[in-house]
**Q** 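Here's a structure for you.
Since this is a predicted model, take the numbers as computed values, not measurements. Residue numbers run from 1 in the order of the sequence given.
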Amino acid sequence: MVQLAPAAAMDEVTFRSDTVLSDVHLYTPNHRHLMVRLNSVGQPVFLSQFKLLWNQDSWTDSGAKGGDHRDIHTKEPPSAETSDTGSPPGSGRGNEGFSLQARADTTGQEVAKAQLDEDGDLDVVRRPRAASDSSPAGPLRDKVHPMILAQEEDDVVGEEAQGSPHDIIRIEHTMATPLEDVGKQVWRGALLLADYILFQQDLFRGCTALELGAGTGLASIIAATVARTVYCTDVGADLLAMCQRNIALNSHLAAAGGGVVKVKELDWLKDDLCTDPEVPFSWSQEEISDLYDHTTILFAAEVFYDDDLTDAVFKTLSRLAHRLKNACTAILSVEKRLNFTLRHLDVTCEAYDHFRSCLHALEQLRDGNLRFVVEPVEASFPQLLVYERIRQLELWKIVAEPVT
């Protein structure tokens, strides 16, 4: 069970936990990572390239109950000289659909069948060193070192980044962080949420949206391809600076649809927004007015891993819903993670269970002029991004309706 020390702000929370690593990065071959710099706290920052495949054939139905989508085959994007059927959202051309494929992933690679011994244990056969290839085509795994680029060399991303601007998404992130820095990694829940945004473009088109706990900003970048304004919020100057950098690296995607992404600080443990002009990523009075007058969509992914912070998220959702001028819809993405606990001597999902209890409490809440309607979103919409959509990934929709 993760324990929290008393703190005044979200970014001051201290966890008693080991280092964690997102499955998105875990399945990425080491020799394809590109280290670009060290952040202000000395953590290595990596740059992952994502390929936009504008092709209807890349859409796959994930099924009503979700499932294992580790092996999703996609085709190369059509050449500009031969076809114009695929286009990014907001580009003025037909957008039949697209797939976001991590360039670091080995899509379509066959998974070797596990060999088990007579007791059912994994039987690992190791080659003797003498039998290894003396002239391998690529560098040996234990000799791989990340390439370090100067921070200013944004356009130097290797040979695989060649192509039109609308074919590439670049996300800076860290790997294997302490629990308090998990926002600096890319998580499957953010990819599921981005899938939903691309599927429900009419819901986001031309709206003002707010993301809570945006992390690297991936979902906000995708939302900005159809939304008018996206407020991309989190806490911590270093995290917000990384998020701002990712927005700048992908500004061409939002510009194609006329969208704007604004990176701002929003602390769930504080009632009011920071307006101090001396504080980085603070709010102006004009931005606060725009937020409350026009926001209709709230969304968040993978922010429900600690009970105290989960409580703070739901309090923030309720507080924002009551302050917004218009009725709003919240989309929440969560992964049901199984953990063995000594307290129960069993596999439990304590963080997920607390999330569900908060959903139920919000639905039962009757205060003021709003009521909250909570419903699960069936994960049967097409999978437009290449990742493993496991059945533990869930989406929930919360609609704040006026009480009549």
Side-chain angles (χ1 to χ4, degrees), residues 7-15 20 22 36-48 151-152 154 169-175 177-187 189-190 193-194 208-224 227 229-251 253-254 259-288 290-291 295 298-303 305-306 309 312-313 316-317 320 333:
M10 286 166 54
D11 55 335
E12 296 176 359
V13 172
T14 301
F15 296 92
V20 293
S22 167
V36 291
R37 61 188 174 90
L38 296 177
N39 61 22
S40 62
V41 294
Q43 297 169 328
V45 176
F46 297 85
L47 181 67
S48 289
Q151 183 169 346
E152 292 75 19
D154 289 342
I169 287 184
R170 290 180 282 179
I171 296 293
E172 284 195 357
H173 60 87
T174 60
M175 295 190 295
T177 63
L179 193 57
E180 58 264 28
D181 283 335
V182 292
K184 297 177 182 178
Q185 301 188 56
V186 179
W187 297 88
L193 179 57
T208 297
L210 168 69
E211 181 176 13
L212 297 170
T216 62
L218 175 62
S220 286
I221 292 171
I222 296 299
T229 303
V230 178
Y231 288 101
C232 178
T233 70
D234 215 311
V235 293
D238 188 63
L239 175 59
L240 291 171
M242 173 186 287
C243 189
Q244 180 70 71
R245 185 169 170 81
N246 285 332
I247 301 302
L249 286 172
N250 300 280
S251 59
L253 296 174
V260 176
V261 184
K262 297 184 178 182
V263 179
K264 296 295 175 182
E265 176 186 296
L266 197 158
D267 194 328
W268 309 332
L269 302 179
K270 297 180 179 179
D271 291 339
D272 298 318
L273 302 175
C274 178
T275 57
D276 185 351
E278 300 297 324
V279 176
F281 306 104
S282 60
W283 298 73
S284 67
Q285 291 299 331
E286 292 78 9
E287 290 167 337
I288 294 177
D290 178 62
L291 173 72
T295 299
L298 309 174
F299 59 101
E302 297 278 31
V303 297
Y305 52 89
D306 173 80
L309 291 182
V313 173
T316 300
L317 285 174
L320 288 172
S333 174

**Q** To the nearest 0.5 Å, tell me how far Thr275 OG1 sits from Glu265 CD.
**A** 10.5 Å
**Q** Between Gln185 and Glu302, is there a side-chain heavy-atom distance shorter than 4.5 Å?
**A** no
**Q** Please report the interatomic distance CG(Asn246) to CG(Leu47), rounded to the nearest 0.5 Å.
**A** 8.0 Å
**Q** Evaluate the side chain to side chain contact (heavy atoms under 4.5 Å, CB included) criterion for residues Thr295 and Leu320: first the C-alpha distance (whole Å), next the side-chain angles of each, then the deciding distance (0.1 Å), finally the verdict.
**A** CA-CA 10 Å; Thr295 299; Leu320 288 172; over 6 Å; no
**Q** Got a second to check how far Cys274's SG is from Ile288's CD1, nearest 0.5 Å?
**A** 9.0 Å
**Q** Taking Lys264 for the side chain and Ser282 for the main chain, is one N or O donor matched with an acceptor at less than 3.5 Å?
**A** yes
**Q** Can you name the salt bridge (Lys or Arg N to Asp or Glu O under 4.0 Å) partners of Asp276, sequence neighbours left out?
**A** none
**Q** For Leu239 and Gly183, which heavy atoms make the closest approach, and how far apart are they?
**A** CD1-O, 3.6 Å
**Q** Which heavy atom in Pro178 sits nearest to a heavy atom in Gln43, and how many Å separate them?
**A** CD-NE2, 3.9 Å
**Q** Measure the CG-CG distance between Asp238 and Asp181 for me, rounded to the nearest 0.5 Å.
**A** 7.5 Å
**Q** At what distance, to the nearest 0.5 angstrom, does CZ of Arg170 lie from CZ of Arg245?
**A** 9.0 Å
**Q** So, do Tyr231 and Thr208 sit near enough that their side-chain heavy atoms are less than 4.5 Å apart?
**A** yes
**Q** For a quick test of reading the model, state the closest non-hydrogen atom pair linking Ala301 to Leu193 and the distance between them.
**A** CB-CD2, 3.8 Å
**Q** Minimum heavy-atom separation for Leu269 to Ala312, with atom names?
**A** CD2-CB, 3.5 Å
**Q** Between Phe281 and Asp234, is a side chain to side chain contact (heavy atoms under 4.5 Å, CB included) present by the stated rule, with each step listed?
**A** CA-CA 10 Å; Phe281 306 104; Asp234 215 311; over 6 Å; no
**Q** Please output the side-chain donor-acceptor pairs of residues 210-220 that fall under 3.5 Å, not counting sequence neighbours, one pair per line with the distance.
**A**
unit_1	atom_1	unit_2	atom_2	d
Glu211	OE1	Ser220	N	3.2
Glu211	OE1	Ser220	OG	2.4

**Q** For Ile171, does its backbone N or O pair with a side-chain atom of Ser48 as donor and acceptor, under 3.5 Å?
**A** no
**Q** In Å and rounded to the nearest 0.5 Å, what is the CG to NZ distance from Asp290 to Lys262?
**A** 6.0 Å
**Q** Applying the side chain to side chain contact (heavy atoms under 4.5 Å, CB included) criterion to Ile221, which one of Val230, Val261, Leu249, Asn250 satisfies it?
**A** Asn250
**Q** Do you know which of Glu286, Gln285, Glu287 makes side chain to side chain contact (heavy atoms under 4.5 Å, CB included) with Trp283?
**A** Glu287
**Q** Closest approach of Trp187 and Val182, non-hydrogen atoms and distance?
**A** NE1-O, 2.8 Å
**Q** Minimum heavy-atom separation for His173 to Met242, with atom names?
**A** CA-SD, 4.0 Å
